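Note that the structure is predicted; figures quoted are calculated from it, not measured. In listed order, ligands and their atoms are each counted from 1.
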Amino acid sequence: MVAKQPGLIARCADVSDIQAAIRVAIDTGILAAIRCGGHSLAGFSTCDGELVIDLSRMREVSVDPDARRARVAGGCLLGSIDTATQRSGLVFPSGVVSHTGASGLILGGGTGWLTRRFGLSCDNVEAFTLVTADSSIVRANSKENADLFWALRGGGGNFGVATEFELKLHPLTSVVLTEGLTPEANIRRLLECWRDFMAEAPFDLKWNLDLRLAPDKNKVPPELRGRPVAGNSLVWTGAPEAAKHHLRPALSLCHLDSVRSRTVSYLDLQTMADSDFPHGRRYYTKAGYFAYLDDVTIERFLNALATIPSPETQIELAYLGGAAGRFGCDETAFGDRSAPFIVNLLANWADPSSDELHISWIRSLFKKLRPAMQPGVYVNFMSGDEQDRVREAYNQRWERLVAVKTHYDPGNFFCLNQNVQPHKRAQK
Ligand SMILES: Cc1cc2nc3c(=O)[nH]c(=O)nc-3n(C[C@H](O)[C@H](O)[C@H](O)COP(=O)(O)OP(=O)(O)OC[C@H]3O[C@@H](n4cnc5c(N)ncnc54)[C@H](O)[C@@H]3O)c2cc1C
């Protein structure tokens with residue numbers, strides 16, 4: 001979807017390379033895109049004819065098992081962190097696809113299988129090191145540059161190039177993973193049950209739903225293939241023997257032959273979705289929050305399934321809450337955590353001639369769902385055509401973010417992101 005040709009790619013090996021690249025870009029007035037894992041759905045990590053600051057050579061991870069802390073360089077992929085931390089039986093809560101870049105994910109917030117148990121990725125960062133637009137090195141934590149520390153936890157790449165993250169780790173090596181497909185006739189009941197159940201569910205349970213067409217695969221019961229289904233993925237991080245009781249409501253509405261429950265290693269959990277989102281496909285997304293899933297919204301989901309344009313396209317539903325919900329709205333720049341239902345409409349297809357079909361399906365469904373949504377959106381689930389929603393993403397935190405941006409990047413050098421523009425006076 002994003003096929004651009006940079007004029008120059010600076011493959012930085014260390015912090016001084018990043019400083020040099022920024023200095024040159026500022027002095028010559030060229031635009032710079034920052035690239036970690038290259039997963040930006042909006043296409044922000046590349047540009048036409050100008051400079052890409054590529055951090056993919058900076059992938060060092062060092063783990064202190066006794067302190068349960070890790071230092072992670074700004075070019076790491078999630079997989080590099082998981083592999084290093086698992087050697088000591090520890091985890092950093094992050095996203096669900098291991099080839100996603102850690103920097104982009106953490107700076108935007110970071111949600112995944114462990115969000116309810118341990119919080120968002122950005123909630124588990126103790127300090128950031130940054131190269132700012134004047135090419136100086138700045139550290140931010142709860143004591144040093146506390147305003148910047150606040151902004152970096154959700155404010156995206158607006159403030160500088162993150163060169164190192166100091167992360168809190170937690171002990172965990174395996175989880176109970178249960179998957180099952182709910183046939184079309186039971187989806188309404190499932191959504192009602194999920195909505196009510198998750199409000200009281202233990203922090204150890206993450207129960208995600210994908211509304212889609214069942215794939216034509218051996219493990220899918222033949223009568224479900226190609227039919228609308230709800231895919232249930234339940235991850236239980238507590239004591240395995242306690243899992244059953246909490247899984248019962250979901251499983252009672254699944255097709256019996258589709259249910260699989262097993263203990264999986266954390267590394268297997270973190271890579272199991274990799275092949276569903278390969279490089280080179282086309283993706284378009286729109287997302288939002290609901291404070292409550294009312295019956296009208298559920299009806300709209302069901303109607304949408306009748307016209308869904310491909311088996312890979314899905315309506316993803318996740319329930320936040322848990323440890324992530326413990327943070328107050330103003331404690332980090334990340335959006336309002338009080339509306340726990342996250343919906344992500346995600347189109348995924350291969351053929352460029354089908355762009356219009358997929359994009360218009362997502363836009364039209366989003367338009368219908370929008371009136372019942374709570375204002376706000378997770379910046380990492382936004383597409384490149386949603387600059388008008390950036391203010392909405394930060395809502396009552398906007399003025400504070402603009403003040404931090406104006407202080408650290410008055411000329412808006414870091415503008416290829418869901419952009420927070422500095423005050424005009426400073427820009428001049
Ligand atoms: C297949 C797929 C799966 C995903 N799964 C999840 C998920 O489970 N959970 C979740 O929360 N999100 C998920 N996302 C969204 C993801 O968090 C964002 O796309 C994120 O921006 C990706 O980070 P990246 O480093 O790979 O991106 P890049 O494309 O490399 O960078 C994106 C932007 O982030 C900023 N940036 C990157 N590195 C730095 C840095 N070192 N310093 C400053 N700014 C920087 C820049 O503004 C850059 O333009 C997924 C996306 C995809 C495509």
Side-chain angles (χ1 to χ4, degrees), residues 1-2 4 12 15 18 21-22 31-47 52-56 58-59 72-81 93-115 120-123 128-133 138 151-152 154-165 206 208 233 269-285 287 312 316 318 320 324 334-335 342 344 346 348 378-384 390 408-409 413-420:
M1 293 279 285
V2 186
K4 295 188 177 173
C12 299
V15 173
I18 297 173
I22 291 178
L31 184 72
I34 316 301
R35 185 181 195 278
C36 171
H39 266 212
S40 167
L41 293 156
F44 288 136
S45 47
T46 186
C47 54
V52 170
I53 298 181
D54 179 347
L55 306 179
S56 58
M58 296 176 63
R59 292 208 169 143
V72 164
C76 277
L77 303 185
L78 301 184
S80 11
I81 302 180
S94 66
V96 302
V97 172
S98 76
H99 47 78
T100 309
S103 281
L105 179 128
I106 296 172
L107 292 166
T111 63
W113 292 120
L114 304 183
T115 306
L120 299 173
S121 305
C122 69
D123 301 338
F128 298 83
T129 307
L130 211 65
V131 179
T132 50
V138 178
L152 289 168
N158 272 288
F159 310 98
V161 178
T163 58
E164 189 179 79
F165 301 84
K206 186 89 166 78
N208 289 355
S233 304
L269 176 76
Q270 287 295 94
T271 47
M272 71 179 188
D274 284 7
S275 55
D276 295 335
F277 299 98
H279 295 291
R281 285 183 67 85
R282 309 173 82 75
Y283 301 96
Y284 184 78
T285 183
E312 288 81 19
E316 297 180 336
L320 200 61
F334 182 84
I342 306 179
N344 188 22
L346 180 61
N348 173 344
Y378 172 30
V379 286
N380 279 348
F381 288 171
M382 287 166 75
S383 288
V390 181
Y408 288 97
D409 186 18
F413 176 70
F414 298 104
C415 61
L416 286 178
N417 41 49
Q418 299 299 354
N419 195 227
V420 176

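- Residues satisfying the ring-ring contact (aromatic ring centres under 6.0 Å, His included) criterion with Phe159, sequence neighbours excluded, are absent altogether.
- For ligand 1, the protein residues placed under 4.0 Å by at least one non-hydrogen atom are Ile34, Arg35, Cys36, Gly37, Gly38, His39, Ser40, Leu41, Phe44, Ser45, Leu55, Gly74, Gly95, Val96, Val97, Thr100, Gly101, Ser103, Gly104, Leu105, Leu107, Gly110, Thr111, Gly157, Gly160, Val161, Ala162, Phe277, Tyr378, Asn380, Phe381, Leu416, Asn417.
- Under the rule for a ring-ring contact (aromatic ring centres under 6.0 Å, His included), Tyr408 has no partner lying at least two apart in sequence or in another chain.
- For the pair Asn344 (side chain) and Leu346 (backbone), a donor-acceptor distance under 3.5 Å is absent.
- Remark: the backbone N or O of Asn158 is not paired with any side-chain donor or acceptor of Asn419 at under 3.5 angstrom.
- With Asn208 contributing its side chain and Ala318 its backbone, the two residues share no donor-acceptor pair below 3.5 Å.
- Under the side-chain hydrogen bond (donor to acceptor under 3.5 Å, both in side chains) criterion, Thr100 pairs with His39, sequence neighbours left out.
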